[in-house]
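Structure record follows, encoded as C-alpha cells.
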Protein chains: 2
Amino acid sequence: MSKLVIVGTVAFDAIETPFGKTDKILGGAGTYIGLSASNFNVDSAIVSVVGGDFPQKYLDLLSSKNIDIEGIEIVKDGKTFFWSGRYHNDLNSRDTLDTQLNVLADFNPVVPENYKDAEYIMLGNLHPLVQLGVLEQVTNPKLVVLDTMNFWMDNALEELKQVIAKVDVITINDEEARQLSGEHSLVKAARAIEKMGPKYVVIKKGEHGALLFHKENVFFAPALPLEEVFDPTGAGDTFAGGFIGYLAHSEDISFENLKNAIIYGSNLASFCVEKFGTERMKDLSPDEIDKRLEEFKKLTQFKIN
Amino acid sequence: MSKLVIVGTVAFDAIETPFGKTDKILGGAGTYIGLSASNFNVDSAIVSVVGGDFPQKYLDLLSSKNIDIEGIEIVKDGKTFFWSGRYHNDLNSRDTLDTQLNVLADFNPVVPENYKDAEYIMLGNLHPLVQLGVLEQVTNPKLVVLDTMNFWMDNALEELKQVIAKVDVITINDEEARQLSGEHSLVKAARAIEKMGPKYVVIKKGEHGALLFHKENVFFAPALPLEEVFDPTGAGDTFAGGFIGYLAHSEDISFENLKNAIIYGSNLASFCVEKFGTERMKDLSPDEIDKRLEEFKKLTQFKIN
C-alpha cells in the first residue's frame with residue numbers, strides 16, 4: 001500500500017454562511033485533505049501542530065479514519081490555529097473575520113520516521129518554508145502535490161517559488177493562477193506556471209469546476225450542480241485530498257489517470273459543501289462516492305458518432 | 001431535409017474590446033444563429049428586418065451559406081438596427097454605448113410561405129411579442145427553442161412568460177435564470193423555469209460552459225479553454241445556432257441527442273470568440289469543426305474502471 005504524507009493545518013474554524021453560524025469547529029487544510037484521502041485505500045499521515053486546547057475527540061476522529069497522527073505535534077501550553085470567516089450571500093466570496101496563528105507561528109514540521117519513504121506528498125496550504133521543510137525530510141517521493149494561495153504570493157513569493165520549482169503538481173484557484181503568472185487567459189497562465197517547475201497545473205474554479213493542464217493537454221472536471229451549497233469551507237482541500245488519495249491508491253501517475261483523480265477530487269468536494277465544516281466528510285460511505293461518480297459520468301459523458 | 005426558421009436581429013454592431021475597435025460591422029442574433037446553424041445540412045430561413053442602408057454584400061453572405069433570406073424584410077427608407085458596446089478588460093462584462101432600434105421598432109415578422117411547415121424554430125433574442133408572432137405562423141413545429149435576456153424580463157415579463165409557456169427549450173444565461181426564477185441555485189432555477197413550460201432548460205455560463213436540465217437529468221458542456229478570447233459578441237447566439245442546427249440536421253430530439261447538441265453549440269461558440277464579430281464564422285470548415293469536437297472529447301471524456 002502506498003504511503004501518503006499530508007502537511008497542513010489542523011485547526012479550529014468558526015463559520016458564518018447565509019444558512020447559519022458555527023462555534024469553533026474542527027477545520028484546517030490538513031484535516032480536510034486527510035478526511036478526503038481517507039476514502040481511498042492508502043496509509044496516510046498528517047504532519048501538523050495543535051495546542052493543548054485541541055480536543056482529543058478530533059484526534060480520535062482522524063485516527064478512526066486510519067490517519068497516522070504521530071506527526072501532529074501537540075504544544076500543551078499553546079493554542080490551536082483559529083480562523084473565522086463570513087461568506088457572502090452568493091457563497092462565492094468571504095470575509096476573514098479573525099486569524100489567530102497561535103502554535104502555527106513556530107511550527108517546525110516533523111515527518112514521522114515511518115513516513116520518510118512515502119511515495120506521495122501533499123503540501124497543503126501553509127507557509128512555503130514549512131512546505132520546503134517537509135520536502136527536505138522525505139527521501140524519494142514519486143509525486144509531490146502543492147496547494148497554496150494568494151496570501152503567500154503577497155507575503156512570501158520568493159520562498160513560494162522555491163517550493164513551486166520542486167513539485168510535480170500545483171493546485172491553485174483561477175485568480176491565484178492569474179496573479180502568479182501575470183496572464184489573464186488560464187491557458188497562458190498554466191503554461192507560464194509549468195515553466196516554474198510543475199509538470200501538471202490544476203486550476204480550481206470553485207463552482208465552475210477544475211482544469212488540469214499538462215503541455216498541450218487540457219482536461220476539465222465540472223463541479224456537480226447542487227441544489228444547495230451549504231458551506232464551501234474546505235472544498236478546495238477536499239478536492240486536493242480526493243485527487244492525491246486516488247492517485248496514491250491507484251499508483252498510476254499518467255495523465256490519463258490524473259484525469260480520473262480530478263474527477264474524484266470534484267466528487268469528494270461535492271460532498272464537503274453539503275454541510276457545515278467536516279460534518280459531511282465524517283460519515284461518507286464508499287457507496288455514496290460510487291453513486292456520485294455515476295452522476296459525474298451522466299453529467300459529462302456523451303457519445304457522438 | 002429539415003426546415004429551420006430563425007427569427008432574430010440582422011444588424012450593425014460597433015464593438016470595442018481590449019484588443020481593438022470596429023466600425024459598423026455585420027451583427028445581430030439572427031445573423032449569428034444563421035451562420036452557426038449553416039454548418040449543418042439543413043434548410044434554414046432567417047425572419048428579420050433591415051433598413052435601406054444594409055449592404056447587399058451582407059445579404060449575399062447569408063445567401064451563400066444557403067440561408068433563405070426571403071423573410072428578411074428590407075425597409076427602403078428605414079435604418080438598420082444598431083448596437084454599440086465596450087467590453088471590460090476581463091471580457092466578462094460590457095457597457096452598451098448605443099442602441100438604435102430603427103426599423104426594429106415596427107417589425108412585423110413574416111414567415112415565408114415555404115417555411116410555415118418548418119419542424120425547427122429558433123426564437124432568437126427579440127421582443128416576446130415578435131417571437132409569439134412567429135410561433136403563430138408556423139403550423140406544426142417539432143421543436144421550438146427560445147433565447148431571451150434580462151431586458152425582456154425587466155420590460156415585458158408578462159409577454160415573455162407567454163412565449164416561455166409555448167416553447168420546448170429555453171436558453172438563458174445564469175444571472176437571467178436566477179432573475180427569472182428567483183432562485184440562486186441553478187438546479188432550483190432550472191426546475192422553476194421548467195414549471196413555466198419548457199421541457200428543457202439550457203443555462204449558459206459564458207466561459208464557464210453550459211448546463212442542460214431536464215427533470216432529474218443534468219448535462220454539462222464546458223467552454224473550450226482558449227489562449228485568447230478576442231470578442232465575445234455573438235457567442236451565445238452562435239451557441240444557440242449550433243444547438244438547433246445540429247438537432248435539425250440529426251432529427252433526434254431525445255435527451256441523449258440534446259447533450260450532443262450542447263457540445264456542438266459550445267464547439268461553434270468557441271470559434272466565434274476567436275475574431276471580431278462574424279469574421280471567424282464566415283469561413284469555418286467542416287474539418288475545423290470535426291477537429292474541435294475531438295478537442296472537446298479530450299477535454300471531458302474519461303474512463304474510470
Side-chain angles (χ1 to χ4, degrees), chain A residues 18 89-92 174-175 178 183-191 203 205-213 216-230 246 250 252 255-264 267 290 293-305, chain B residues 18 89-92 174-175 178 183-191 203 205-213 216-230 246 250 255-264 266-267 290 293-305:
Chain A
N89 273 334
D90 64 3
L91 291 169
N92 282 332
D174 41 2
E175 283 319 308
R178 288 177 171 130
E183 294 281 0
H184 181 77
S185 152
L186 296 180
V187 175
K188 288 186 178 175
R191 201 167 296 156
I203 298 183
K205 304 199 297 171
E207 62 165 326
H208 299 303
L211 287 156
L212 166 67
F213 291 91
E216 296 308 307
N217 301 306
V218 199
F219 180 71
F220 176 79
L224 196 72
L226 295 169
E227 277 201 38
E228 210 67 83
V229 170
F230 199 77
Y246 176 78
S250 55
D252 171 359
F255 183 74
E256 285 307 307
N257 201 48
L258 260 71
K259 289 182 179 184
N260 299 346
I262 292 283
I263 293 290
Y264 271 105
N267 183 330
D290 286 351
L293 178 60
E294 292 309 310
E295 291 187 60
F296 272 90
K297 287 182 184 171
K298 281 188 189 165
L299 181 65
T300 58
Q301 304 303 286
F302 62 88
K303 206 162 188 165
I304 294 179
N305 302 314
Chain B
N89 274 335
D90 64 2
L91 292 169
N92 282 332
D174 42 1
E175 283 319 307
R178 288 177 171 132
E183 294 282 359
H184 181 76
S185 152
L186 296 180
V187 175
K188 289 186 177 175
R191 201 168 293 158
I203 298 182
K205 304 200 296 172
E207 62 165 326
H208 299 302
L211 287 156
L212 165 67
F213 291 93
E216 296 307 306
N217 302 305
V218 198
F219 180 71
F220 176 79
L224 196 72
L226 294 169
E227 277 201 38
E228 210 67 85
V229 170
F230 199 77
Y246 176 78
S250 55
F255 182 74
E256 285 307 307
N257 201 48
L258 260 70
K259 288 181 178 183
N260 299 346
I262 292 283
I263 294 290
Y264 271 105
S266 288
N267 183 330
D290 286 350
L293 177 60
E294 291 310 309
E295 291 188 58
F296 272 91
K297 287 182 184 172
K298 281 186 189 165
L299 181 64
T300 58
Q301 305 301 286
F302 62 89
K303 207 162 187 167
I304 294 181
N305 300 317

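Within every chain, numbering begins at 1; the chains are lettered A, B, ... in the order of the sequence lines, protein sequences first and strands thereafter. All values derive from a computational prediction rather than experimental measurement. Heavy atoms only: backbone and side chains are in, while hydrogens, waters and symmetry mates are out.
For Glu295(B), there are no side-chain hydrogen bond (donor to acceptor under 3.5 Å, both in side chains) partners, not counting sequence neighbours. In this structure Lys298(B) satisfies the side chain to side chain contact (heavy atoms under 4.5 Å, CB included) test with no other residue, sequence neighbours excluded.
In this structure, chain A has no heavy atom under 4.5 Å from any part of Glu256(B). Using a 4.5 Å cut-off between heavy atoms, Leu226(A) contacts chain B through its backbone alone, with no side-chain atom that close. Residue contact with chain B, scored on non-hydrogen atoms closer than 4.5 Å, is absent for Leu91(A).
Note: Phe220(A) and Phe220(B) meet the aromatic proximity criterion, with ring centroids under 6.0 Å apart.
When Ala190(B), Ser185(B), Pro222(B) are compared by the number of non-hydrogen pairs under 4.5 Å with chain A, Ser185(B) comes out ahead. Most heavy-atom pairs under 4.5 Å with chain A, from the set Val218(B), Leu224(B), Val187(B), Leu299(B): that is Leu299(B). Listed options Lys188(B), Glu228(B), Lys259(B), His184(B) were ranked by heavy-atom pairs under 4.5 angstrom with chain A; first place goes to Lys188(B). Ranked by heavy-atom pairs shorter than 4.5 Å toward chain B, the options Lys297(A), Gln301(A), Lys303(A) are led by Gln301(A).
Phe296(B) places none of its side-chain heavy atoms less than 4.5 Å from the side chain of Ile304(A).
Taken from CG in Asp174(A) to CD in Glu207(B), the straight-line distance is 8.0 Å, to the nearest 0.5 Å.
Across all non-hydrogen atoms, the minimal contact from Phe302(A) to Thr300(B) is CE2-OG1, 3.5 Å.
A salt bridge links Arg191(A) to Glu227(B): one of the charged nitrogens lies within less than 4.0 Å of a carboxylate oxygen.
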